[in-house]
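As the structure is a computational prediction, the values presented were derived from the model and not from experiment. Hydrogens, waters and symmetry mates are skipped; everything else that's a heavy atom, side chains included, is used.
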2 protein chains.
Amino acid sequence: MSKNIPEKVSNRLTLYHSIMVEYIEAGIDTISSPQIAQRLGIDDSQVRKDFKLLNNAGKCRVGYMVKDLKDSIEKTLGFSKTKDAFIVGSGHLGLALAKYDSFNSYGLNILALFDNDPQKIDIQVNNKQIFHISKLPNLVQRLGVELAILTVPRQSAQQVADFLIQSNIKYIWNFTPAVLKVPPTVKVWNENLMGSFLQFACKDIV
Amino acid sequence: MSKNIPEKVSNRLTLYHSIMVEYIEAGIDTISSPQIAQRLGIDDSQVRKDFKLLNNAGKCRVGYMVKDLKDSIEKTLGFSKTKDAFIVGSGHLGLALAKYDSFNSYGLNILALFDNDPQKIDIQVNNKQIFHISKLPNLVQRLGVELAILTVPRQSAQQVADFLIQSNIKYIWNFTPAVLKVPPTVKVWNENLMGSFLQFACKDIV
DNA sequence: ATCAAATAAAGAAAAAAATCACGATTTACT
DNA sequence: AGTAAATCGTGATTTTTTTCTTTATTTGAT
């Protein structure tokens, strides 16, 4: 089902999607590739090439139907396939992500949080409970959760990751700056906030 | 000074950097390109090509000096140049970023937070004060801050961005899902958390 | 009805990035 | 000392991504 969308393209698709949401809220029905291109500072033929992958034809002199584009982007990026996840690490970032309701509309369903601090246990965050980390293996099995969002301090990241892998977690969305060592059966996606910032900084602030 | 490092390369450099920090903590002096490549699931000649840009020669059969690599990555990515910033939006994400001490070691110095909720004003977060948003223009001028980290809800993102631009902010690190409309003199870096997740999801969970 | 402007579509060309391949060097081992 | 293995360095190749160019279509204006 994954149509082999290149990383760069899917990144642009999410930006297009945000613009579609905005246009829908503004009650605008159609949008043209030059409009989008200008907004994002990219080439308009790039935009059309991307839309080609969505099998969503536009109309000359008019543009594309905003609603259709939004739907096909959602379909292509799999918004509708729900993925259950646990947040591991209930510090500020973990809590922020737990409260981030947009996740839901993008198909990411956070079931619970975990921490090792006894003070945090049983607190409810956005209708999700914080459990002690020792409860995780059991809940992974019972709920069939495969994805963990890792928001612990860097120092404990590898250790916690090892525990997650032991517990049969298959995908780790890694918000820590540690580069995790994992077996080939486990997939890691590094969020790398600092890296992201440094790219920005290098581009312009220098 | 910016050596025109491509985005992809600088992203990898930050990952290499994390590995260097880890090796230094483990007391290991040298590291080879195949070791790094395997860890990140990329080609080893890729790693060498990247290091070439750093002007950091390795030694056959031995590898690279971990300490030297770390230093040249920091130099290349400009870790040492400090940039002052304001966090705008003191919700959970804003607070999480304010507490994220790693920022400091990467040259990002957060001076203060802002919000429009009277209840949050004057709270101290990690030694940084939360001010009412109306105080921002004056502080931008007095402190010469050019960078704002935007963590407000999507609905108010554009409005707040407009206010920042009026207040003479030149760079916006945008954590909201809104695609901001800005004049060409202002640079935006979209963090796009959901986009990042969807790329991950598309790759494998499908 | 005709013309001009805006736009999509699609192929060609260019640029950028990743991978491959191989020679050179260094180290460890016999 | 000689040999094998590991590793760097780098040019060549391939693949991917972006940009350019041209053609065709649609709409609005004359």
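- Between the CD atom of B/Q38 and the C1' atom of D/dT7 there is a distance of 15 Å, given to the nearest Å.
- A/F175 pairs with exactly one of A/I149, A/L150, A/V88 by the side chain to side chain contact (heavy atoms under 4.5 Å, CB included) rule, that one being A/I149.
- Contacts between residues 59-71 of chain A and DNA chain D, defined by a heavy-atom separation below 4.0 Å, involve A/K59, A/C60, A/R61, A/V62, listed by number.
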For this session: Begin from the C-alpha positions of B/N174 and B/N190 and carry the test side chain to side chain donor-acceptor pair (under 3.5 Å) through to its verdict.
Result: CA-CA 5 Å; B/N174 178 28; B/N190 291 308; 2.9 Å; yes
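- Taking the ring centroids of A/Y106 and A/F103, they lie at or beyond the 6.0 Å cut-off.
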Side-chain polar contacts of residues 161-168 of chain B - donor-acceptor pairs under 3.5 angstrom, sequence neighbours left out - could you list them?
residue : atom : partner : partner atom : Å
B/D162  : OD1  : B/Q158  : NE2          : 2.9
B/S167  : OG   : B/F163  : O            : 2.7
B/N168  : OD1  : B/K170  : NZ           : 3.3

For this session: Treat primed atoms plus P, OP1 and OP2 as sugar-phosphate and everything else as base, then score nucleotides 14-21 of chain C 5' to 3': B for base contact with protein heavy atoms under 4.0 Å, S for sugar-phosphate contact only, - for none.
Result: ---SSBBB
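- Note on B/E7 versus B/R12: no salt bridge recorded, every NZ/NE/NH1/NH2 to OD/OE distance being 4.0 Å or above.
- Checking side-chain atoms of A/D50 against main-chain N and O of A/V9 turns up no donor-acceptor pair under 3.5 Å.
- If you take CG of A/L40 and P of D/dT19, they are 12 Å apart, rounded to a whole angstrom.
- For A/D44 and A/R48, the salt-bridge test passes: some basic side-chain N is under 4.0 Å from an acidic carboxylate O.
- The NZ atom of A/K52 sits 16 Å away from the P atom of D/dT18 (whole-angstrom rounding).
- The existence of a salt bridge linking A/R39 and A/E22 is confirmed by a sub-4.0 Å separation between a basic side-chain nitrogen and an acidic carboxylate oxygen.
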